[in-house]
Structures are given as C-alpha cells and as structure tokens.
Protein chains: 2
Amino acid sequence: MKREKKAEVFREFIVREGLKSTRQREIILDFFLSSKRHMSVEELYRKLRARHPSIGYATVCRTLKLFAQSGIAHEMRFGDGQTRYEHIAEGEHHDHLVCTGCGTIAEFENKTIEELQASVADSHGFLIHSHKLELYGLCARCRK
Amino acid sequence: MKREKKAEVFREFIVREGLKSTRQREIILDFFLSSKRHMSVEELYRKLRARHPSIGYATVCRTLKLFAQSGIAHEMRFGDGQTRYEHIAEGEHHDHLVCTGCGTIAEFENKTIEELQASVADSHGFLIHSHKLELYGLCARCRK
DNA sequence: ATGTATTTTGATAATCATTCTCAATTAGGA
DNA sequence: TCCTAATTGAGAATGATTATCAAAATACAT
Ligand SMILES: [Mn+2]
Ligand SMILES: [Mn+2]
Ligand SMILES: [Zn+2]
Ligand SMILES: [Zn+2]
C-alpha cells in the first residue's frame with residue numbers, strides 16, 4: 001500500500017499548492033510509481049510514450065520536478081549527464097553504490113555514517129540540509 | 001614546496017604520455033596551482049584572461065582535464081552546473097561541506113567514515129574506485 | 001450546466017557549460 | 001633546419017533541461 005500512499009501525498013500537494021489535477025499528471029504518477037528505481041527522465045519518457053504518445057517531454061520533466069517538490073521523489077545525478085528520480089516515502093533515506101561498469105545502482109543504509117556526518121557538521125557549526133554519498137566502482141558481477 | 005612537486009608530477013605525466021609542453025599549459029598550471037581551491041572553469045578562465053587574453057576557453061577546459069588525468073587535480077560538481085577543480089597531492093583525500101547560502105566550501109576528513117564505506121562496499125561485493133560525500137546546508141555564518 | 005479566470009500542455013526555441021571541428025601554429029626529435 | 005604529430009583558438013555543435021506561448025483543460029462561481 002506504499003504506492004497508493006505516495007499517490008495520495010502527491011494529490012494533497014497538488015491541492016495544497018493550488019495546482020490542478022490533470023490527466024497527464026495522473027498518468028505520469030502511475031508510471032513513475034510502478035517504474036524501477038533511479039529512472040532517468042528519458043527512460044520514463046520512452047516508457048510513457050509507448051502507451052501515451054501525446055504526452056510531451058517537457059510535461060514529463062515538469063511533473064517529475066513536482067514529484068520531488070511534493071516529497072514523494074528524490075532527484076539525483078550520478079555524473080552521466082542524466083537526471084534520475086526515485087520515489088521514496090517520507091523519512092526514508094539511503095545512499096548509493098554506482099557500478100561504472102554496467103550502470104547498476106545498489107542502495108545501502110548506514111546509521112553510523114549518518115551520525116558521523118552529523119558530528120562533522122556540528123564541529124564546523126554547519127547545519128545540514130541534505131547530503132550525497134555515492135560509492136563508485138565495480139559491482140560483484142563486473143569485477144570478475 | 002608542495003606546489004613545485006605538483007608541477008613536476010604534471011610535467012612527468014606530459015612526457016610519459018608523449019604529450020607536449022606548451023606555453024599555454026605552463027601558464028594554466030601556474031595559475032591553477034596558485035588559485036584558491038574549488039575554482040570553476042569559468043573562474044579560472046577569467047583570472048587567466050586578465051593577463052593572457054589570447055588563451056582560449058577550450059584550452060583551459062582541456063588542460064584542466066589533463067590535470068585531473070595526471071593526478072594533480074580532482075574534478076568535482078556540486079550541482080550548480082559548474083565543473084570545479086582543486087589541486088591535490090597523491091594520496092590526499094577529503095570530502096566537502098557545501099553552503100547553499102553563500103557557496104562557501106569547507107573540507108573535512110573522517111577516517112571512520114571512509115572505513116565504513118569500505119565495509120559497506122565489501123558487504124556488497126563491490127570494488128570501490130572512488131566516492132563522493134558532500135554535506136549540503138548552511139555554514140556557521142549563514143545559519144544566523 | 002455554463003461561463004470564466006487560471007493553470008497546464010505540447011511543440012518548439014532557447015539555454016548554457018562543455019566538447020568537437022578544423023585550419024593554422026607550435027613543439028621537439030631526426 | 002625539417003618534418004611530423006600534437007596543440008591551439010574560434011566558432012559550431014552538443015545535449016539535457018528549461019523557457020515561451022498559443023491552444024486546451026481545469027476548478028470554481030454563477
Ligand atoms: Mn536509491
Ligand atoms: Mn576540496
Ligand atoms: Zn556492474
Ligand atoms: Zn554560507
């Protein structure tokens with residue numbers, strides 16, 4: 001039921017912000033929530049176009065940005081020039097292992113690292129708003 | 001003397017790779033090694049242009065990339081659309097605190113975080129080649 | 001249900017940092 | 001010095017994203 005929850009959060013955001021519910025936004029929301037994680041804009045656009053050829057690229061870009069603003073998605077860049085999005089629930093967080101061989105992206109959580117980050121920030125008088133931790137290298141399959 | 005050491009490492013790289021030592025490369029090297037850290041290509045280009053108006057932007061881009069290849073520099077992107085470079089000595093490493101208020105970039109090292117990253121990678125059978133850890137937020141000055 | 005003001009859409013143009021192209025220049029070994 | 005390959009600078013190209021804008025759709029009041 002996580003999926004319908006995210007859809008609901010987005011719909012509430014639309015109302016709260018005085019935006020409008022449109023056929024395109026609902027379609028993109030549906031595709032996005034059922035897509036694999038870390039999809040690029042281009043990938044999602046191609047997937048959509050197969051069933052909804054009339055939806056424009058700009059609308060996909062704009063809508064994904066709205067997803068991020070509403071809190072149901074994270075925007076990320078892994079250095080390949082593509083902007084990627086993943087849907088995520090409130091409070092969830094994880095970091096990424098990015099395989100430079102095959103492009104596979106694995107996820108991990110490490111509470112201790114997060115705590116150490118916080119203590120580093122404290123010692124600098126710095127107030128953390130967000131962070132990015134990415135490990136680049138070869139996945140188990142690619143290293144052989 | 002760290003500076004002359006880096007210059008020497010780059011010159012050896014040039015020879016080893018069969019490249020040529022040029023007036024432009026020496027000038028850019030000199031400016032780069034004496035510039036503040038985390039300079040964007042644009043910033044370095046403007047600094048250079050004041051004294052050497054004939055050096056082209058493309059040459060600056062190409063030369064900074066060579067610095068990174070030779071190991072005397074790191075290329076980095078903090079999400080503002082600019083590619084930045086910092087000169088760094090062999091074996092050195094640090095991560096960054098990026099102030100979203102004033103753009104200030106602070107540096108830190110944390111051996112424990114690095115070790116935990118390695119153990120995360122191990123547990124995934126992943127071979128780390130590089131990593132990126134950036135903390136975004138407000139610096140001590142901007143948070144007041 | 002109908003009208004109306006406002007938002008949204010899709011096609012296309014614009015953006016913008018970076019990279020590419022290529023003729024002219026330069027470096028450096030023979 | 002000569003020769004060849006590398007380098008340079010100017011401008012074009014790139015490519016993902018964003019802006020523009022007329023047409024379409026939505027939300028709400030009548
Ligand atoms: Mn993820
Ligand atoms: Mn640094
Ligand atoms: Zn892989
Ligand atoms: Zn600041």
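Taking only side-chain nitrogens and oxygens, B/Y57 comes nearer than 4.0 Å to OP1 or OP2 of C/dT18. Applying the 4.0 Å criterion to OP1 and OP2 of D/dT8, one finds that B/R23 has every side-chain N and O outside that range. For D/dT17, the OP1/OP2 oxygens have no side-chain nitrogen or oxygen of A/Q82 closer than 4.0 Å.
Grouping the Ile, Leu, Val, Met, Phe, Trp and Tyr side chains by contacts below 4.5 angstrom, directly or via other members, places A/F78 apart from B/I128.
Side chain of B/T83, nearest nucleotide from D/dT8, C/dT18, D/dT17: C/dT18. With distances taken from any side-chain atom of B/T22 to the nucleotides D/dT18, C/dA27, C/dT8, the minimum falls on C/dA27. For A/K65, the side-chain atoms get nearest to D/dT18 when compared with the rest of D/dA16, D/dT7, D/dT18. Checked against D/dT7, C/dG10, D/dT8, the side chain of B/L19 finds its nearest nucleotide in D/dT7. Across D/dT8, C/dG28, C/dT19, the shortest atom-to-atom separation from the side chain of B/S21 is found for C/dG28. Minimum atom distance to the side chain of A/I55 is reached by C/dG10, of the listed D/dT26, D/dG9, C/dG10. For B/A58, whose side chain is taken as the heavy atoms from C-beta onward, the closest listed nucleotide among D/dA10, C/dT9, D/dT7 is D/dA10.
Just one residue in the list A/R84, A/R49, A/R37 forms a salt bridge (Lys or Arg N to Asp or Glu O under 4.0 Å) with A/E43, and that residue is A/R84.
A/F67 has its ring centre less than 6.0 Å from the ring centre of A/F32.
Straight-line distance from the NE2 atom of B/H52 to the P atom of D/dT7: 20 Å, rounded to whole Å. As a whole-Å value, the separation of A/R11 CZ from D/dA27 C1' is 17 Å. The nearest whole Å value for the distance from the CG atom in A/D80 to the P atom in C/dT19 is 14 Å. Look at CD1 on B/I14: it is 18 Å from P on C/dT26, rounded to the nearest Å. B/R77 has its CZ atom 10 Å from the C1' atom of C/dA17, to the nearest Å. When the P atom of D/dT8 is taken as reference, atom OH of B/Y45 falls 14 Å away, rounded to whole Å. Nucleotide C/dG10 holds its C1' atom 14 Å from the CG atom of A/L48, rounded to whole Å. Rounding to whole angstrom units, CD of residue A/E17 and C1' of C/dT6 are separated by 16 Å.
In this model, a side-chain donor or acceptor of A/K20 finds a partner on the base of C/dT6 within 3.5 Å.
Where B/Y85 and A/G18 each meet DNA chain C at their nearest nucleotide, the meeting point lying more 5' is that of A/G18.
Under a 3.5 Å cut-off, the side chain of A/R25 and the backbone N or O of A/K20 do form a donor-acceptor pair. Of the possible donor and acceptor atoms, one in the side chain of A/S123 sits under 3.5 Å from a partner among the backbone N and O of A/V120.
Nucleic acid contact class of A/R62 (heavy atoms, under 4.0 Å, all strands): base. B/E42 comes within contact range of no nucleotide atom at all, as no heavy-atom separation falls under 4.0 Å.
Between B/F13 and B/F10, the ring planes lie parallel to each other; the angle is under 30°, not in the 30° to 60° tilted range.
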